[in-house]
Amino acid sequence: MYWCACALLFSGVWSVSPPVPDQLSLSGTWTLSSHDGALVLPAEVPGCVHSALLREGLIQDPYFRFNDVSYRWIALENWTYSTTFTASAQLRGKQEVELVFDGVDTVASITLNGNLVGKTDNMFRRYDFSIRELLKEADNLLQVQFLSPVVYASERSRAHQSYRVPPECPPDVQKGECHVNFIRKEQSSFSWDWGPSFPTVGLWRSVRLEAFDTLQLQQLSYLPLYNGSGSQWELQVELLVDAVRTTGVQVAFSMSELDLEQAFQTQFLSGRTKKTFTFHIKKNSQVKLWWPSGHGDQPFYMLSVRVFGDGFLMLNRDVKQVFFRTVELIQEPIPGSPGLLSIITASTIIKTKGCQLESPGSTHAFQNRSPPCHLKNLLRSAVDANMNALRVWGGGVYEQDLFYDMCDDMGIMVWQDFMFACAMYPTEADFIQTVREEVVQQVGRLKSHPSIIIWSGNNENEAALATNWFNISTPQRPVYVKDYVTLYVDNIRKIVLKEDPSRPFLVSSPTNGVESEREGLLGLDHVPWTRFASEYGFQSWPSFSTLQPVSVKEDWSFGSNFSSHRQHHENGNQQMLQQAALHFHLPNSTDPLRRFTDTLYITQVMQAQCVKAQTEFYRSSRSQIVGGKGHTMGALYWQLNDIWPAPSWSSLEFGGKWKMLHYFARSFFAPLLPVSVEDDGALVIYAVSDLNVDLKLRVVVTVHSWANLDPVCSRTSDLQVVPGSSAVALYKQPVAALLAGCGRCTRLTCLLTFHLEDGAGSQRGSDNYHFLSSPREAVGLQRANITVKVQQDGAGFSVTLQSSSVAAFVWLDVGNIPGRFSSNGFLMLSRNKTVGFEAWRPTSAAELSRSLTVTTLRDVY
Ligand SMILES: *[C@@H]1O[C@H](CO)[C@@H](O)[C@H](O)[C@H]1NC(C)=O
Ligand SMILES: *[C@@H]1O[C@H](CO)[C@@H](O)[C@H](O)[C@H]1NC(C)=O
Ligand SMILES: *[C@@H]1O[C@H](CO)[C@@H](O)[C@H](O)[C@H]1NC(C)=O
Ligand SMILES: *[C@@H]1O[C@H](CO)[C@@H](O)[C@H](O)[C@H]1NC(C)=O
Ligand SMILES: *[C@@H]1O[C@H](CO)[C@@H](O)[C@H](O)[C@H]1NC(C)=O
Ligand SMILES: *[C@@H]1O[C@H](CO)[C@@H](O)[C@H](O)[C@H]1NC(C)=O
Ligand SMILES: *[C@@H]1O[C@H](CO)[C@@H](O)[C@H](O)[C@H]1NC(C)=O
């Protein structure tokens with residue numbers, strides 16, 4: 001390969017219209033049949049069997065009541081998808097015709113006109129087959145015969161004789177299927193502790209024929225590489241090409257904004273070849289960088305790629321957005337500290353923003369029912385809550401391109417797991433082989449996205465082995481450690497480091513990083529006061545409007561069969577109430593429905609408070625090390641969203657409605673935030689800043705009585721410098737001393753609010769509060785008389801509240817009208833308050849007024 005000046009190629013020749021390879025989409029309506037032909041129905045591709053049955057009215061809503069159990073039979077059946085198509089003479093006249101499946105879920109034999117063209121065993125791979133010789137003009141019959149994924153997994157497990165590969169089955173409470181670790185399929189589809197068992201079957205991505213005479217581009221990816229010592233940006237562009245025969249070509253690249261125009265002479269060998277081209281960016285100083293949300297913009301450059309053979313244009317791609325950014329995982333020992341400092345930096349500055357996890361990556365248990373607008377809404381909700389990072393969790397799927405495109409555009413950093421979760425995995429040759437292909441393909445597909453900042457080998461498998469979740473005896477342990485290293489280190493890590501030198505790779509999430517590696521990859525000490533909290537959380541129930549469509553009246557109590565059926569976490573419902581009972585009076589209305597909806601509410605209050613407390617603790621720890629611990633540089637709570645209406649750790653309900661936690665996240669992830677910590681009777685208030693500028697700030701602490709809307713007294717700290725990206729303690733005082741100077745207050749009768757202000761007395765950042773006792777002990781809290789008024793306000797709506805007394809956790813709910821408030825679940829410490837409502841479909845002030853309910857803590861007992 002050599003560089004040549006090809007100005008000529010860039011002028012004139014491009015106007016020749018290129019011979020575009022012929023494509024024939026085979027997506028659309030296929031025929032689906034059960035193994036004995038008893039059921040024959042139309043089925044959409046992309047899609048799955050469940051969706052097809054639902055569409056034809058052959059099953060009810062799978063999320064309704066106990067239908068997850070009623071519809072177990074679907075995944076125990078063998079299904080066949082078939083279609084017929086016509087192949088034009090033009091298409092058949094091409095030198096090569098490939099049959100391409102972007103996603104097959106999962107175990108299938110594919111035949112064309114009765115000839116076996118291939119077999120599949122991995123949902124996460126793209127498959128293509130050379131089929132030119134098998135085509136005829138009309139009535140080509142393409143069949144995909146699926147084997148039950150549940151039966152397949154169980155057979156593979158039975159064939160694995162030498163030792164067990166746990167967990168054999170999920171806990172009974174999950175009502176799921178067994179041995180999911182033996183099939184390369186979305187692991188949560190066999191059930192999870194927040195999700196249903198719907199082992200899907202089907203063609204879940206598009207299907208097509210691609211016909212060409214010489215070359216076909218399979219993949220175009222790029223990596224910007226920053227050479228720190230030379231202050232040089234390089235761009236590596238990689239072409240994956242299928243060639244009918246060995247072909248000499250010129251490959252020309254241009255990125256006009258950075259004055260990049262280069263061409264290379266090269267050849268593609270017969271078959272599939274990958275070629276990498278590297279350029280130095282000359283206008284280094286002008287390169288505009290991609291920044292995470294809240295730290296800057298997400299600029300990009302357009303890259304054009306043309307491939308010429310013998311004077312004519314063979315390939316022409318001119319829309320590839322190229323983003324420049326760097327990312328680094330810093331794991332340096334801190335003197336005198338047992339841990340390591342872990343900071344993720346992007347675009348050369350330290351990134352520490354509160355972040356959060358993505359659960360199943362998708363908005364539905366059935367991938368194809370996740371429409372793009374849901375995805376957009378999901379990511380918009382994350383950014384609106386001041387999140388700048390998500391983890392794509394290892395029990396779900398590698399997300400669709402659109403997801404990463406949106407993350408690129410919105411500045412969301414993605415912690416990308418490989419799809420292995422909470423289990424040991426087999427390491428037979430064919431299993432390793434299909435995983436290797438999966439990893440090569442997925443890294444190739446995803447590595448151009450700046451949003452992905454880190455790869456991780458699996459979810460929690462290090463923790464599972466290190467803390468022996470599966471009761472593996474000591475003599476047996478080396479077998480599992482060996483399998484672990486084989487899969488994640490010797491295979492996955494090796495491939496990732498080779499295919500993508502631009503990002504850090506962690507063997508597991510969570511992990512102690514290099515410290516784990518020193519301990520033989522199985523870190524033992526998962527301290528809560530961590531350098532980076534990649535997972536923590538607490539459960540809650542979704543709101544009534546989300547449950548109502550999937551339940552009936554007899555289900556509407558916390559003790560109903562339905563309520564226990566939906567709870568997939570052992571003792572989950574009891575745990576929520578036990579925790580809530582520590583801090584709140586549990587709902588005891590004599591009206592059963594009211595008592596149920598109040599209980600849903602109290603679980604959301606408890607969840608919001610729990611995650612708030614933990615996140616604020618982490619954020620306040622960013623600048624301090626106590627006894628070697630602290631310096632917490634990231635917080636990703638579990639979990640962002642739900643894939644069905646059920647209790648879980650999520651902050652967004654199925655359908656996208658914000659739980660109280662999500663409103664709280666908007667505050668506790670704010671770029672500038674006051675945080676209180678009480679330690680041994682002493683109150684400390686920090687200013688936590690993720691800003692890039694230094695500020696001079698003070699704290700204003702106000703003491704309120706639970707019994708009266710008028711504040712009791714207030715205290716102000718001195719002005720102090722709060723450097724950008726730091727947490728500074730601005731106020732310290734024993735609570736007793738604070739209250740002593742403040743009239744009749746006690747820990748039971750009063751609470752504190754506080755905010756930051758600058759030297760001019762203007763408030764900076766949001767308000768926060770500090771309880772001096774559990775709210776269940778609060779003395780003087782009245783049942784407030786709150787009146788509300790909804791008005792149209794420009795494109796949105798405003799809700800004005802007037803309250804007769806102090807109210808806690810004021811919750812506004814407009815049922816199933818989609819949208820969100822500007823603030824919710826707040827403390828009402830003034831007579832009046834106005835919040836906005838952003839509707840996600842057309843509505844009116846009258847409709848909102850009719851649907852609006854207000855619940856406060858004092859209303860539930
Ligand atoms: C599905 O196919 C497998 C393999 O051919 C067979 O053993 C099994 O009995 C079939 N299941 C049903 C329900 O027909
Ligand atoms: C970085 O640039 C310097 C100076 O141009 C060069 O010597 C060095 O080899 C480069 N390093 C890498 C990894 O490309
Ligand atoms: C764990 O395994 C040991 C034998 O190795 C057995 O005695 C014990 O009952 C097992 N515990 C559980 C919880 O399965
Ligand atoms: C709850 O489920 C149990 C066991 O299936 C059943 O016996 C009982 O009748 C159910 N109760 C109600 C109220 O449906
Ligand atoms: C609640 O407040 C409204 C408006 O302030 C008033 O009209 C109404 O009588 C009050 N209701 C009760 C029960 O006090
Ligand atoms: C609260 O709103 C009411 C009605 O709009 C108004 O009369 C009252 O003055 C307001 N009170 C305060 C303290 O702003
Ligand atoms: C509910 O609990 C509260 C607080 O314990 C108590 O004062 C009230 O009487 C109870 N109400 C009912 C209906 O039991």
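These numbers come from the heavy atoms of this one structure, side chains and all, not from hydrogens, waters or symmetry mates. Remember, it's 1-based here, ligands and their atoms both numbered in the order they're listed. Just so we're clear, the structure is a prediction, and the values are computed from it rather than from any experiment.
Contact annotation for Val151 and ligand 1: no heavy atom of the residue comes within less than 4.0 Å of the ligand.
In this structure, His770 contributes its side chain and Ser676 its backbone to no donor-acceptor pair below 3.5 Å. In this structure a side-chain-to-backbone donor-acceptor pair under 3.5 Å is missing from Trp204 to Val45.
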side-chain hydrogen bond (donor to acceptor under 3.5 Å, both in side chains) between Lys659 and Ser540, worked out:
CA-CA 9 Å; Lys659 286 182 177 174; Ser540 73; 2.9 Å; yes

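The shortest contact between atom 5 (O) of ligand 7 and any protein heavy atom is with His585 ND1, 3.9 Å. Scanning the protein heavy atoms around atom 4 (C) of ligand 5, the nearest turns out to be Thr787 CG2, 3.9 Å. Remark: minimum distance from atom 2 (O) of ligand 1 to any protein heavy atom is reached at Asn78 ND2, 2.2 Å. Given atom 13 (C) of ligand 7, the protein heavy atom at minimum distance is Asn588 O, 3.7 Å.
Cation-pi check for Arg566 over Trp644 is met; the charged atom lies under 6.0 angstrom from the ring centroid and within 45 degrees of its normal.
Contact annotation for atom 7 (O) of ligand 5: protein absent (non-hydrogen atoms, distance under 4.0 Å). Distance screen at 4.0 Å: atom 11 (N) of ligand 1 has a protein heavy-atom neighbour inside the cut-off.
Of the candidates Asn140, Asn115, Val117, Ile110, Ile131 forms a side chain to side chain contact (heavy atoms under 4.5 Å, CB included) with just one, namely Val117.
Other residues, nucleotides and ligands contribute more than 12 heavy atoms inside 6.0 Å of the CG atom of Asp430. Within 6.0 Å of atom CZ in Arg783, more than 12 heavy atoms from other residues, nucleotides or ligands are found, so the atom counts as buried in its surroundings.
Close approach of ligand 1 to His35 is summarised as follows: ligand atoms under 4.0 Å from at least one heavy atom of the residue are 14 (O).
The N/O atoms of Asn785, backbone and side chain alike, include one that comes under 3.5 Å of an N/O atom in ligand 5.
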